[in-house]
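Below: one structure, written as structure tokens.
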There are 2 protein chains.
Amino acid sequence: MPKIGAEPIRKAALINATIHEVGKAGSLDVTVAQIAKRAGMSPALAHHYFGSKDQIFLHAMRFILKTFGDSVRDELKSNDSRSRVVAIITASFASQNFQRETVSAWLNFYALALTNTDAARLLRVYHRRLRSNLLVALRPMTSRPDQVAETLGALIDGVYLRSVLSARPTDGDSARQLVLDYLDEALA
Amino acid sequence: MPKIGAEPIRKAALINATIHEVGKAGSLDVTVAQIAKRAGMSPALAHHYFGSKDQIFLHAMRFILKTFGDSVRDELKSNDSRSRVVAIITASFASQNFQRETVSAWLNFYALALTNTDAARLLRVYHRRLRSNLLVALRPMTSRPDQVAETLGALIDGVYLRSVLSARPTDGDSARQLVLDYLDEALA
DNA sequence: TCCTTAATTGACTGATCAATCAAGAACAGG
DNA sequence: CCTGTTCTTGATTGATCAGTCAATTAAGGA
């Protein structure tokens with residue numbers, strides 16, 4: 001079976017399996033064995049490619065943040081400011097970012113950032129970038145872009161948090177609408 | 001040493017120790033031994049009084065939510081609607097609820113609610129009560145109390161989340177101000 | 001005094017898991 | 001065909017911990 005070039009495929013499978021297992025379990029207490037099994041390989045191989053369980057988590061987290069960043073970039077093609085802000089909000093609640101398992105994994109990685117400095121650094125990069133994107137778009141629209149950006153960021157995080165904890169299935173559209181309504185009020 | 005009546009004292013000490021250890025560790029991965037040590041007793045005694053580690057966590061979580069509820073009740077003495085909304089917001093960011101360790105413990109209990117149905121139930125009760133309090137206060141002030149209550153709740157959670165993850169020390173006053181500014185916009 | 005009951009712990013058990021290692025299997029290049 | 005490299009796993013180790021239990025201490029009541 002050793003077709004050369006397995007490494008990137010195996011790594012991707014492990015990252016994908018990690019997000020699903022963490023999301024499904026709702027906890028970082030998933031064993032390397034579980035992850036490896038879902039990814040279709042032995043636990044030893046997972047260690048072979050990533051070195052440690054922490055590294056597996058970190059790469060999974062990086063993947064989530066990168067995916068999010070990519071969807072923001074895709075939506076940021078528009079020219080006028082309002083569209084750009086709306087684009088960021090839309091990306092936040094796009095279905096691939098707002099699936100229950102993804103958000104559940106996301107929450108657990110937030111908790112991980114309390115203990116793991118690498119995770120914290122990743123998260124800070126993501127926050128800074130989101131903030132910067134929002135600021136650029138907001139500056140022409142309001143006299144207090146900093147405050148609106150801060151509020152928008154917190155609101156998005158809060159809506160995420162509540163969505164994953166509510167009993168109802170996650171509804172990206174109404175979540176998006178809530179944030180957009182705030183935006184209209186703030187810019188009125 | 002068996003002075004009768006140790007139970008409530010021991011339990012309180014364990015709950016307090018749990019919040020501090022979880023907050024300090026930034027994770028629910030604290031051992032019963034750690035908690036018991038901080039509380040000044042043996043791990044066996046902790047099991048004797050609470051039965052299981054899960055029960056220890058659950059009681060600690062209940063304590064945090066109750067403390068929060070108490071501070072809301074204290075602030076809710078006012079008569080006019082606006083003061084009542086402000087009171088809830090103020091209580092949310094009062095120092096005893098907004099200490100780094102408390103918020104850190106809070107975040108981890110949120111994550112716990114993803115797996116533990118008892119924890120989820122506790123959280124739902126808290127959300128429902130907060131929402132109900134906000135609704136009563138908001139109804140005379142706006143034509144869309146549901147939406148404002150939902151946004152306020154999410155915003156508070158989001159601000160909490162960000163406060164514990166930022167490198168800077170947590171600042172309850174500016175957090176409170178951010179939420180109050182939203183309130184003014186929403187009611188304008 | 002003696003007996004019951006609460007308080008308390010040290011020692012132990014059983015289970016779980018991350019990480020390691022040595023060895024096997026299959027391909028590519030010479 | 002060898003030979004080295006990549007891929008892969010079963011078996012094992014070493015450590016950690018939740019939870020149990022039997023035994024000890026001391027108070028309070030009869």
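What you see is a predicted model, and the numbers here were worked out from it, not measured in a lab. Below, chain A is the first sequence line, B the second, and so on; all start at residue 1.
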Open item on the list: Output the rounded distance in Å from CG (B:Leu45) to C1' (D:dT20).
Closed with: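 So the CG-C1' distance, B:Leu45 to D:dT20, works out to 14 Å.
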Closest approach to the side chain of [X], judged atom by atom: which nucleotide of [options] is it?
X: B:Glu7; options: C:dA7, C:dT9, D:dT9; value: C:dA7
X: A:Arg10; options: D:dT8, C:dT20, C:dT8; value: D:dT8
X: A:His48; options: D:dT8, D:dC21, D:dT9; value: D:dT8

Open item on the list: Could you work out, with salt bridge (charged side-chain N to carboxylate O under 4.0 Å, His left out) as the rule, every residue matching A:Asp171, not counting sequence neighbours?
Closed with: none
Open item on the list: Suppose we screen for salt bridge (charged side-chain N to carboxylate O under 4.0 Å, His left out). Which residues come up paired with B:Arg176, at least two apart in sequence or across chains?
Closed with: none
Name the pairs: protein N/O against N/O of nucleotides 16-19 of chain C, kept only if under 3.5 Å.
{"unit_1": "C:dA18", "atom_1": "OP1", "unit_2": "A:Lys53", "atom_2": "NZ", "d": "2.5"}
{"unit_1": "C:dA18", "atom_1": "OP2", "unit_2": "A:Val32", "atom_2": "N", "d": "3.1"}
{"unit_1": "C:dA19", "atom_1": "OP2", "unit_2": "A:His47", "atom_2": "NE2", "d": "3.0"}
{"unit_1": "C:dA19", "atom_1": "OP2", "unit_2": "A:Lys53", "atom_2": "N", "d": "2.9"}

Open item on the list: Applying a 4.0 Å non-hydrogen cut-off, can you work out what B:Tyr49 is touching in the nucleic acid: base, sugar-phosphate, or nothing?
Closed with: sugar-phosphate
TODO: Return the minimal non-hydrogen interatomic distance between A:Ser92 and A:Phe98, and the atom names on each side.
DONE: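 That would be O-CD1, 4.3 Å.
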- [ ] Identify the heavy atoms of A:Ala36 and A:Ala46 that sit nearest to each other, and give their distance.
- [x] CB-CB, 4.4 Å
Task: Pairs flagged by salt bridge (Lys or Arg N to Asp or Glu O under 4.0 Å) wherever residues 21-44 of chain B is involved - sequence neighbours left out - done: B:Glu21-B:Arg38
Open item on the list: Under the rule for side chain to side chain donor-acceptor pair (under 3.5 Å), what residues qualify as partners of B:Gln177, not counting sequence neighbours?
Closed with: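 Residues passing side chain to side chain donor-acceptor pair (under 3.5 Å) with B:Gln177: B:Asp181.
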Open item on the list: For the helix from C:dT1-D:dA30 to C:dG30-D:dC1, what angle separates the axis at the start from the axis at the finish, each from five pairs, in steps of 10°?
Closed with: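 For the helix from C:dT1-D:dA30 to C:dG30-D:dC1, the axes at opposite ends meet at about 10°.
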Task: Side-chain donor-acceptor pair present, B:Ser83, B:Asp80, cut-off under 3.5 Å - done: yes
Task: A:Arg82 bridged to A:Asp184 by N-O distance under 4.0 Å - done: yes
